[in-house]
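Protein chains get the first letters and strands the later ones, always in sequence-line order, with residue 1 at the start of each.
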There are 2 protein chains.
Amino acid sequence: MDVQIDLILKRNQLSVTGSRMKILELFLESKGALAHGDIEKRTGEKFDRVTVYRTLQIFLEKGIIHNIPTSDNSVRYALCTNDCSEGHHHDNHVHFVCSACSNTTCLADVMVPSVKLPVGFSPEESQMVVTGICKDCK
Amino acid sequence: MDVQIDLILKRNQLSVTGSRMKILELFLESKGALAHGDIEKRTGEKFDRVTVYRTLQIFLEKGIIHNIPTSDNSVRYALCTNDCSEGHHHDNHVHFVCSACSNTTCLADVMVPSVKLPVGFSPEESQMVVTGICKDCK
DNA sequence: AAAGTTATGCAACTTTGTTGCAAATTATTT
DNA sequence: AAATAATTTGCAACAAAGTTGCATAACTTT
């Protein structure tokens, strides 16, 4: 695991620091998405709030994580499974938000379907979020 | 217009006040979605921030407006075109966020397609956001 | 191991959203 | 139409979320 973390950071030209390793580890451990608050809690408050913000931001820029649009507009992040190049994400999978446990899951196998748009609209990226009951809460 | 506004408010058992009329008018005028900030600016700062928050919240509860999940997690609202009953929205249309002008458009004619979920996941509601260039910016 | 580079933590601040309460507005009753 | 009852508004004060500058600490490179 540590080797993997090291690799991911170095591949993205990021220096390997305690906070980055720990936060990346959290993402690798948890199948679902993490909110800023989750991370602050699960790290045992070892890192400053600012550090968490900056780490998430740089992970986002590097394409290590992506953020998930939710209907309640809470900010959530999840690991990119595909190869996301710097600044250009392409995780075309559907996200599932459980209305019971409020966990967010990346449905890596479910692709976002394409839709026919009205004349004049050119799509660049599509995102889809499904709310409901997840497999752990049914 | 005024009659329409009056009607909408009364139909939803809301007392007809200045701020509610004005904010509802803004929604009716603008085709796209509005963020909290937009409303504060466009009303000419006539109303208190708190009033705007409370008005949007009650419009949301009554099903007059719905909120839109965006990839940048900014909170946006748009008028419900369908008949949304209290607490139960069903605007199954796709939302389009323009990456040039950053306006959000409700594509009322484009329904959110359904997807096959993995075993154990029961869907309740689906939302889809497409980013790209809108018809005014192409 | 030392120099150079980058990241962290702290403090202070801005923005965003919430709550309680008195005053003002709206709806209702007579 | 005036008075009463019920809501809503704005203010103040607060809580939460996110940002910025800078000195210290940690990581990288040689």
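- Under the 3.5 Å distance criterion, the side-chain polar atoms of B/Asp48 are matched with a main-chain donor or acceptor of B/Val50.
- The backbone N or O of A/Phe47 lies less than 3.5 Å from no partner atom in the side chain of A/Thr51, so there is not a single donor-acceptor pair.
- Separation of the B/Tyr53 and B/His36 ring centroids falls under the 6.0 Å cut-off.
- In this structure, the side chain of A/His66 engages the main chain of A/Ala78 through a donor-acceptor pair within 3.5 Å.
- Rounded to a whole Å, the CG atom of A/Leu56 is 10 Å from the P atom of D/dG18.
- In the helix from C/dA1-D/dT30 to C/dT30-D/dA1, the rotation axis of the first five pairs and that of the last five pairs differ in direction by 40°, rounded to 10 degrees.
- By the rule that hydrophobic residues join a cluster once side-chain heavy atoms approach within less than 4.5 Å of another member, B/Met128 and B/Ile68 end up as members of separate clusters.
- Note on A/Arg49: a base of the nucleic acid sits closer than 4.0 angstrom, heavy atoms only.
- Counting to the nearest Å, the P atom of D/dA16 and the CD atom of A/Glu40 are 12 Å from each other.
- Looking only at distances, a side-chain donor or acceptor of A/Ser99 sits under 3.5 Å from a matching main-chain atom of A/Gly132.
- Other residues sharing a hydrophobic cluster with B/Val97 under the 4.5 Å side-chain heavy-atom criterion for ILVMFWY residues are B/Val129.
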* To do: Go along nucleotides 21-30 of chain D 5' to 3' and tag each nucleotide: B for a protein heavy atom under 4.0 Å from its base, S when only backbone or sugar atoms are that close, - otherwise.
  => B-----SS--
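- Atom-to-atom, CZ of A/Arg76 to P of D/dG18 comes out at 13 Å; the value is rounded to the nearest Å.
- Remark: side-chain polar atoms of A/Asp38 are not paired, donor with acceptor, to backbone N or O of A/Leu34 under 3.5 angstrom.
- Within the structure, salt bridge (charged side-chain N to carboxylate O under 4.0 Å, His left out) contacts touching residues 8-21 of chain A (residues at least two apart or in different chains) are A/Asp6-A/Lys10.
- Atom pair B/Tyr53:OH and D/dA13:C1' shows a separation of 16 Å (rounding to whole Å applied).
- Listed by first and then second residue, the ring-ring contact (aromatic ring centres under 6.0 Å, His included) pairs involving residues 103-138 of chain B are A/Phe96-B/Phe121 (not counting sequence neighbours).
- Taking atom CZ of residue B/Phe47 and atom P of nucleotide D/dC11, one finds them 12 Å apart after rounding to whole Å.
- Heavy-atom contacts of chain B under 4.0 Å fall on DNA chain C between two terminal nucleotides, which in 5' to 3' order are C/dT16 to C/dA27.
- If you take CD1 of B/Ile58 and P of D/dT8, they are 5 Å apart, rounded to a whole angstrom.
- Checking side-chain atoms of A/Thr131 against main-chain N and O of B/Glu124 turns up no donor-acceptor pair under 3.5 Å.
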